Colleague: 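Once you've had a glance at the structure underneath, I'll fire off some questions.
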Amino acid sequence: MSSNTDFLLAIEDLTVSFDGFKAIEGLSFYMDKNELRVVIGPNGAGKTTLLDLICGKTRATEGSIKFKGKELTRMSEHRIVWEGVGRKFQNPSIYEGLTVFDNLEASYPRGRGVFGALAFKRDEEVVERIRQVAREIQLDDKLEQEAGLLSHGQKQWLEIGMLLIQDPELLLLDEPVAGMSLSERLETAQLLKTIAKGRSVVVIEHDMAFVKSLGGKVTVLHQGKILAEGAMEALQQDRRVIDVYLGH
Amino acid sequence: MIKLPGFLRGRHGGPLGILILAAVLLVAMPALLDLYRLNLAGRYLTYAFVAVGLVLCWGYGGILSLGQGIFFGVGGYAMAMFLKLEASDPESTRIQTTPGIPDFMDWNRITELPWFWVPFESLAFTLVAVLVLPAAFAFVIGYAMFKRRVSGVYFAIITQALAVVLTILIVGQQGYTGGINGITDLRTLKGWDIRDESAQYLFYYLNAVLLIGCVLLGRWVLNGKYGRILTALRDREDRVRFSGYDVADFKIFIFCLAAFMSGIGGAMFTLQVGFMSPSFVGIVPSIEFVIFAAVGGRLSLLGGVYGALLVSYAKTLFAEAYPQLWQVMIGTVFILVVLVLPYGLASVYQRYGKRVLSRLKGSRRAPPPPPSSLPQDSATEGRR
């Protein structure tokens, strides 16, 4: 096996079992720098569990996850974030009572300790960075609006923005277009392509049209294992993939 | 997730509330109340320190502690130990078997001052202990629990259990702690009689100023980034954790801050009332503290102060007349507040009081904003 350090993310022989049920079994998964990867698979295939394992929400039973050569399986969640891994949850997870601006500021990567947060000053640099990210997620005219009043799609973008502001090297997105309208989906696809420049992104997705529009390599998970990997066009011809997931 | 109107979210902007509080505490009450009543009010205000701390850690941090009596007690006992040692000089205790130690030790056949009492002969050490010990206790409890992700009801139950444990310890170790009677008969502070009139007035004012200081400190903490992260983690702990924050550290800090304030309250209680006993440490006082914060408004620092004053005053009025009924009444009040006014008296003031105030000022330009616009206009004020 080649050296881990060539990859941004190298997962090897990863297994996690919940009371004997193996949600992920002997999985190996590699990602290059600046790669956009889509993970698909039927319900219960272990897609979300895989992201949970990378970001530390779930702990591995066996195996290793190396990010830039550092072992993540025993690192605490906030340290993993500091290393440069950003995680978006499936349901928009934002602070609904705070304004869009405050939401973005709450993720700003300065003042992360208790005393740092107490001493935190909202200076020009912070405001400029927040405006820049807000433009990227098209919320720059809604900075003072309460986040709870945003549309569903805008909430999803806001959460993506909260990750962007930390400038992570690896972004984990769990079904970012779930519940979005068609036009929102198109805009999100565009947004993800922009985001993917200069960083690696893992996207879990069910919408095949959306997956195709993203391009990039696709990994098919099935029962906690990798069933197939490759370009979407090739996978659509793959017998096993059609059987378990795509259907006839 | 709870969606709050803006005024309840910690940006209680202007200085008006603080000025009113200062006027009430420093001018109105000393002018209107005789010394006995003022001393009583001063005693209630020592509970307000705990209530303000609870607004911070329960209201904003979502950490319900049913053991704040622990920290009130630690601060109070630290001060009482110093005063007791001063009251137990060999001259005034010469009839004891062992002169120079507190009377209750002598009664329990202890012949030597226990080691943990010795440092309390120093006033400087005592003052540091009052400020540091409660927070240190809170740090140990908080570290043990929050790092293991104990939260919610479990945390509440454990803090309550700890309050019981401390009470039992104090009551059981009579020779070292004064037992159920507590530490009584405190007279002087560095030779200055703490029971005379001028001392009582001085302590009242000192107490009021320290309390206003705690409210301002609480405001400062809430208005910055820390305050927003605190509220955020109350509602979406995972999002905060996966935004790169060590959630446990943030909880430990606010729990320690609440304990720090409670300890000051306890020490001021000892100074003004002249004794400290386990009845201010256990479950009943700890729950009363929570009721003060709930009645005043658990998202309002100022509400905590008024809640402590009003409920304690009501307790004095009713408990004297109907001691059996009091517990039932306070329970009923608590249930009513939770059901009808989840944000306590502070929300009543915000809804009606401000309207009245603006009418009094004769300003027609400030009609009450429609509820939906409340969040925005408060979001821009009081930031730093």
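Naming convention: chains lettered A, B, ... in sequence-line order (proteins, then strands); numbering from 1 in each chain. All values reported here derive from a predicted model rather than from experimental measurement. What's counted below: heavy atoms across the whole structure, side chains too, no hydrogens, waters or symmetry copies.
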Colleague: Are Lys225(B) and Glu105(A) close enough for a salt bridge, meaning some N to O gap below 4.0 Å?
Modeller: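 Salt bridge flag = no for Glu105(A) with Lys225(B).
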Colleague: Is it the case that over 12 heavy atoms from other parts of the model lie below 6.0 angstrom from the CZ atom of Arg59(A)?
Modeller: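 Buried by this count: over 12 neighbours within 6.0 Å.
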Colleague: Applying side chain to side chain contact (heavy atoms under 4.5 Å, CB included) to Arg112(A) and Tyr245(B), what does each step give before you reach the verdict?
Modeller: CA-CA 6 Å; Arg112(A) 274 168 164 170; Tyr245(B) 297 94; 4.0 Å; yes
Colleague: Should we say atom NZ of Lys147(B) is surrounded by more than 12 heavy atoms from elsewhere, each under 6.0 Å from it?
Modeller: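 Result for NZ/Lys147(B): enclosed.
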Colleague: What part of Phe253(B) gets within 4.5 angstrom of chain A, counting heavy atoms only: side chain, backbone, both, or neither?
Modeller: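 Side chain of Phe253(B) only, per the 4.5 Å heavy-atom cut-off to chain A.
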Colleague: Looking at CD1 of Ile94(A) and CG of Asp235(B), how far apart are the two atoms once the value is rounded to the nearest 0.5 Å?
Modeller: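 Between Ile94(A) CD1 and Asp235(B) CG, I get 11.5 Å after rounding to 0.5 Å.
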Colleague: Any chance you could measure Ser243(B), atom OG, to Glu159(A), atom CD, to the nearest 0.5 Å?
Modeller: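 Answer rounded to 0.5 Å: 8.0 Å.
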Colleague: Of the backbone (N, CA, C, O) and the side chain (C-beta and beyond), which part of Val240(B) lies under 4.5 Å from a heavy atom of chain A, both, or neither?
Modeller: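 Contact with chain A involves both backbone and side-chain atoms of Val240(B).
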Colleague: Distance-only, no hydrogens or angles: does the Arg236(B) side chain make a donor-acceptor pair with backbone N or O of Ser93(A) under 3.5 Å?
Modeller: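 Judged by distance alone, no pair lies under 3.5 Å.
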Colleague: Which pair of non-hydrogen atoms, one from Arg241(B) and one from Val81(A), has the smallest distance, and what is that distance?
Modeller: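 Nearest pair, atom of Arg241(B) first, then Val81(A): O-CG2, 4.1 Å.
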Colleague: Do you know which of Asp246(B), Ile254(B), Asp249(B) has the most heavy-atom pairs under 4.5 Å to chain A?
Modeller: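 Option with the greatest count: Asp246(B).
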Colleague: Is Glu77(A) reaching over with its side chain to a backbone N or O of Gly244(B), donor-acceptor style, under 3.5 angstrom?
Modeller: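 Here the side-chain-to-backbone pair does not exist.
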Colleague: Counting neighbours of CZ on Phe137(B) that are heavy atoms of other residues, nucleotides or ligands and sit closer than 6.0 Å, is the number greater than 12?
Modeller: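 No, not enclosed.
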Colleague: Heavy-atom cut-off 4.5 Å, strictly under: side chain, backbone, both or neither for Leu163(A) against chain B?
Modeller: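 It is the side chain, since no backbone atom gets that close.
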Colleague: Taking the six-membered ring for Trp, are Tyr226(B) and Phe115(A) closer than 6.0 Å centroid to centroid?
Modeller: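 Ring-ring flag for Tyr226(B)/Phe115(A): false, centres at least 6.0 Å apart.
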Colleague: Any Lys/Arg nitrogen of Lys57(A) or Glu237(B) sitting under 4.0 Å from an Asp/Glu carboxylate oxygen of the other?
Modeller: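 Glu237(B) and Lys57(A): not salt-bridged.
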Colleague: For Glu124(A), which residues count as a salt bridge (Lys or Arg N to Asp or Glu O under 4.0 Å) partner, sequence neighbours excluded?
Modeller: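 Partners of Glu124(A) under the salt bridge (Lys or Arg N to Asp or Glu O under 4.0 Å) test: none.
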Colleague: Got Phe242(B) and Ile80(A) here, is their nearest side-chain heavy-atom distance under 4.5 Å?
Modeller: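 Side-chain contact under 4.5 Å: no.
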Colleague: Mark yes or no for whether Tyr95(A), through its side chain, and Ile229(B), through its backbone, hold a donor-acceptor pair below 3.5 Å.
Modeller: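 Flag not set: sc Tyr95(A) to bb Ile229(B) has no pair under 3.5 Å.
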Colleague: Out of Gly111(A), Gly116(A), Pro168(A), return the one with the most heavy atom pairs under 4.5 angstrom to chain B.
Modeller: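 That would be Gly111(A).
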